[in-house]
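Below you'll find the structure, written out as structure tokens, and then a few comments.
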Amino acid sequence: MRNSTVWYPFTQHALEPAMRRVVRTEGAYLIDEHGAAILDAISSWWVITHGHRHPAIMEAIRMATETHDQIIFAEYTHAPAEDLARGLIEIAPPGLAHVFYSDSGSTAVEVALKMALGFFHNLGRPRNRICVLEHGYHGDTIGTMSAGERGVFNAPYAPLLFAVDRLPFPEPDQEQTTLDAFEAACATGEVAALLIEPLLLGAGGMKTYEPSVLAKLKRIAERHGSLLIADEVMTGWGRTGRLFACEQAGITPDILCTSKGLTGGALPLAATLCTAEIFEAHLSTDRRKTFFHSSSYTANPIACAAALANLAVWKEEPVRERIDALTEEQRRHVARFADDPRFSDTRQFGTIAALDLKVPAGGYLSEIGPRLRAFFRERRLLIRPLGNVIYLMPPYCVTADELDRAFGAIDEAASLFAAGRL
Ligand code: PMP
């Protein structure tokens, strides 16, 4: 790996074993060049929702290539993007009215931050402060790194990152501290927006908090005229048990970011949804109030067609039933480990299960992470713990037997670790 031509993401080339070459994907599996089927228990970095190569989504992609490739998305438009925007508004929390396309979770969040600042700027009442939640993760671009938790991931770039106000994570029974901190920040009148992962912090360690906290944060924001940006890049498309996590708190954010499962995970696409007020603040005969954001591949028609097919899958297939069944299985498995001394904490939220292995030193760089990965890899399981946090976020086509196998391996890994053999 030391002299690989490809520079892989989140990969220490001096330490990692050779990449496993995947030649095909199918349902919950990656098939490697030797024919081994590897259970994709983390949905390939959380993107695959229904399963790999869902036939309806693949067919929509094939069809779209008959008529479209990339076209410029200013001055010219296309039906897949228009239809998708209408479809998204229909299923999103009520009150969101406009859809801005980009191509990754990070850019969806960057767009959201620019919308928020542009909103206040165009109203002639500039606000420049952004509040975020401790342990948050919003992407790896400079803006999203600024908003995310600081640490080993972004230390070299710290001098370039902008300052944000960090609210303490709403730990159980400590929620008021978070609410008070947000109230105090808002009272300055300078907070443009609170950027937050609703109910579940993904890369921060699958940490959950109560829906009521999100609802209260929204009310505080409203009282002070600040915006709430929901980063649903990970939580969207059913992961938490509902289509969007915000639904569980009964709120409509002012801005909602979605990507990953938007195309069922098949192609890169992102959307930032916003309210009419935000769109209208950019409407003017003064060209300086234009929303100046684009990227070459904005609203790629083939990706939009894949997303439209994904919407149809949600309408026509029993996706919610699959999610409920998966949620139940995850709950059953996690309950078995609830009082297990090998784990310091266990959590289940919708389709996601997380177990914190009890280690002397946790955290992302905990040495146990790579050892666990190797252990799972040998067992043909794609599981990439976040340090000592072992989690499963499988596609919804995963079967009970496949989950049994994954949890069996977690059980075995925990025993080996406790015995000092891993
Ligand atoms: N926001 C959240 C909550 C995420 O989990 C991620 C990616 N894991 C991102 C943003 C960034 O998405 P992308 O990797 O597609 O840029």
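When a ligand or atom number is given, it counts from 1 through the structure's own listing order.
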Could you grab the distance from atom CD1 of Ile229 to atom CD1 of Ile130, nearest 0.5 Å is fine? 5.5 Å
side-chain contact (heavy atoms from CB on, under 4.5 Å) partners of Ala147, counting only residues at least two apart: Val132, His138, Leu195
Identify all pairs of nitrogen or oxygen atoms, one from ligand 1 and one from the protein, separated by less than 3.5 Å, and list them with distances.
from     : atom 1 : to     : atom 2 : distance (Å)
ligand 1 : 1 (N)  : Asp231 : OD1    : 3.2
ligand 1 : 1 (N)  : Asp231 : OD2    : 2.6
ligand 1 : 8 (N)  : Lys260 : NZ     : 3.0
ligand 1 : 12 (O) : Ser106 : N      : 3.4
ligand 1 : 15 (O) : Gly105 : N      : 2.8
ligand 1 : 16 (O) : Gly105 : N      : 3.4
ligand 1 : 16 (O) : Ser106 : N      : 2.8
ligand 1 : 16 (O) : Ser106 : OG     : 2.6

Determine whether His282 and Phe119 satisfy the following criterion, ring pair (Phe, Tyr, Trp, His ring centres under 6.0 Å), listing intermediate values before the conclusion. CA-CA 7 Å; His282 292 82; Phe119 172 74; 7.7 Å; no
The side-chain contact (heavy atoms from CB on, under 4.5 Å) partners of Arg322 (sequence neighbours excluded) come to Glu317, Pro318, Val319, Tyr396
Can you measure from CZ (Phe376) to CD1 (Ile42) and round to the nearest 0.5 angstrom? 11.0 Å
Restricting to side chain to side chain donor-acceptor pair (under 3.5 Å), what partner residues turn up for Thr67, sequence neighbours left out? none
